[in-house]
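Everything numeric in this text was worked out from a predicted model, so none of it was measured. Quick note on labels: first sequence line is chain A, next is B, and so on, each numbered from 1. In what follows, every heavy atom counts, from backbone to side chain, and hydrogens, waters and symmetry copies are set aside.
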Protein chains: 2
Amino acid sequence: MGSNHIISVLVENKSGVLAKIAGLFSRRGFNIESLAVGTTDDEKISRITLVVKAETHSIEQIVKQLHKLINVLKIQELDPSNIVERELVLIKVNSDNNTRAEILEIANIFRASIVDVAKKSLVIEITGTSRKVVGIEELLKPYGILELVRTGKIAIPRGSKR
Amino acid sequence: MGSNHIISVLVENKSGVLAKIAGLFSRRGFNIESLAVGTTDDEKISRITLVVKAETHSIEQIVKQLHKLINVLKIQELDPSNIVERELVLIKVNSDNNTRAEILEIANIFRASIVDVAKKSLVIEITGTSRKVVGIEELLKPYGILELVRTGKIAIPRGSKR
């Protein structure tokens, strides 16, 4: 089944570009594990960060196809050993007077923030690697996760050598 | 031109679903301002958070179209007055011995984290509302932004009444 690859694509911020790129991956049977799109420091240019599970040679082929699309400016496959990768997750979890303190303690351990407190729920914000996010998710599951929203992974090459 | 709408779509985590949804928006001439896709606490189900600028009646029409797509489980337009919204941004900025301390101070003010330090650059991680992200971006611009990657916005309804 291959392993996870992180592909970063710079595109012109125009209607239809994302649909073309998603369509290219879908027609070739790739499943997109996560995808995040946002503008860069130049609002006319967006960056799409994709995570796909595939064999290396399939990735090489789809990168070639991506280069042929108009509005695509630059494509990089990121080397996992030399990047900072992060994702952001919001988790709404069941919580009442009996469990609130325990949940706050879990959030503390993971340096997560509490961003909403209600009678029967808490919303927790956590940023980090996928492993960290999975860790807190496992500990919160027993309380009852009401909703979980994640951004998908973004990544940036390190300036420093590791 | 209408205003920004945040649409949250629960979908089955299958190849092609994202392409269909992005295609639907693109054929109708919507420009997607940001889009984030990731799995929920059930890995068979993904959530797509979209921000689009449009008139309210156009949004109502596209929501109807979305309902007709297979693999789409639930669609919500989120009420901006009753959500927690966040995005995550990684910024690589020029920095040397002369400017490092100043940049660290800016990061501190915004409660941003330094996630990579190199001779000629720093990578800063910041989480918050779009307004906060724009704020730090403006202050870092004079140093030279080498790369900026954002996840796009995610949001979750508050459990508390405001």
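Each of Val9(B) and Val149(A) belongs to its own hydrophobic cluster when Ile, Leu, Val, Met, Phe, Trp and Tyr are linked at side-chain heavy-atom distances under 4.5 angstrom. Under a hydrophobic clustering in which Ile, Leu, Val, Met, Phe, Trp and Tyr are joined whenever their side-chain heavy atoms come within less than 4.5 Å, directly or via other members, Tyr143(A) and Leu146(A) fall into different clusters. Taken together through direct or relayed side-chain contacts under 4.5 Å among Ile, Leu, Val, Met, Phe, Trp and Tyr, Ile114(B) and Ile145(B) form part of one hydrophobic cluster. Ile62(B) and Leu35(B) fall within the same hydrophobic cluster, defined by Ile, Leu, Val, Met, Phe, Trp and Tyr side-chain heavy atoms under 4.5 Å apart, directly or through other members. Using a 4.5 Å cut-off between side-chain heavy atoms of Ile, Leu, Val, Met, Phe, Trp and Tyr, with links allowed through other members, Val51(B) and Val84(B) fall into different hydrophobic clusters.
Residues of residues 95-109 of chain B never come within less than 4.5 angstrom of chain A, heavy atom to heavy atom. Residues of residues 132-141 of chain B lying under 4.5 angstrom from chain A, judged on non-hydrogen atoms, are Glu137(B), Lys141(B) in numerical order. Applying a 4.5 Å heavy-atom cutoff, the residues of residues 10-24 of chain B that approach chain A are Asn13(B), Lys14(B), Ser15(B), Gly16(B), Leu18(B), Ala19(B), Ala22(B), Gly23(B).
Applying the 6.0 Å contact sphere to CZ of Arg111(A) captures no more than 12 heavy atoms from other residues, nucleotides or ligands.
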Using residues 118-125 of chain A as the side-chain source, report each donor-acceptor pair under 3.5 Å to any protein atom, sequence neighbours left out, with the distance given to one decimal.
residue, atom, partner, partner atom, Å
Glu125(A), OE1, Arg86(B), NE, 2.6

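Residues Thr151(B) and Ala36(A) share a closest heavy-atom pair of O-CB, 3.4 Å. In terms of heavy atoms, Asp116(A) sits closest to Arg158(B) at OD1-NH1, 3.2 Å. Smallest separation of non-hydrogen atoms from Arg150(A) and Gly38(B): CG-CA, 3.5 Å.
With values rounded to the nearest 0.5 angstrom, Glu147(B) atom CD is found 6.0 Å from Gln76(A) atom CD. Atom CG of Leu90(A) and atom CD1 of Ile154(B) lie 4.0 Å apart (nearest 0.5 Å). Considering CD1 of Ile91(B) and CG of Asp41(A), their distance stands at 8.5 Å, rounded to 0.5 Å.
Looking only at distances, no side-chain donor or acceptor of Lys92(B) sits under 3.5 Å from a matching main-chain atom of Ile156(A).
Annotation: maximal heavy-atom pairing with chain A below 4.5 Å, among Pro157(B), Ser113(B), Gly152(B), occurs at Pro157(B).
In this structure, the side chains of Val37(B) and Ile32(A) stay at 4.5 Å or more apart for every pair of heavy atoms.
For Thr49(A), the part lying under 4.5 angstrom from a heavy atom of chain B is the side chain only. Contact annotation for Glu87(B): only backbone heavy atoms (N, CA, C, O) come within less than 4.5 Å of a heavy atom of chain A.
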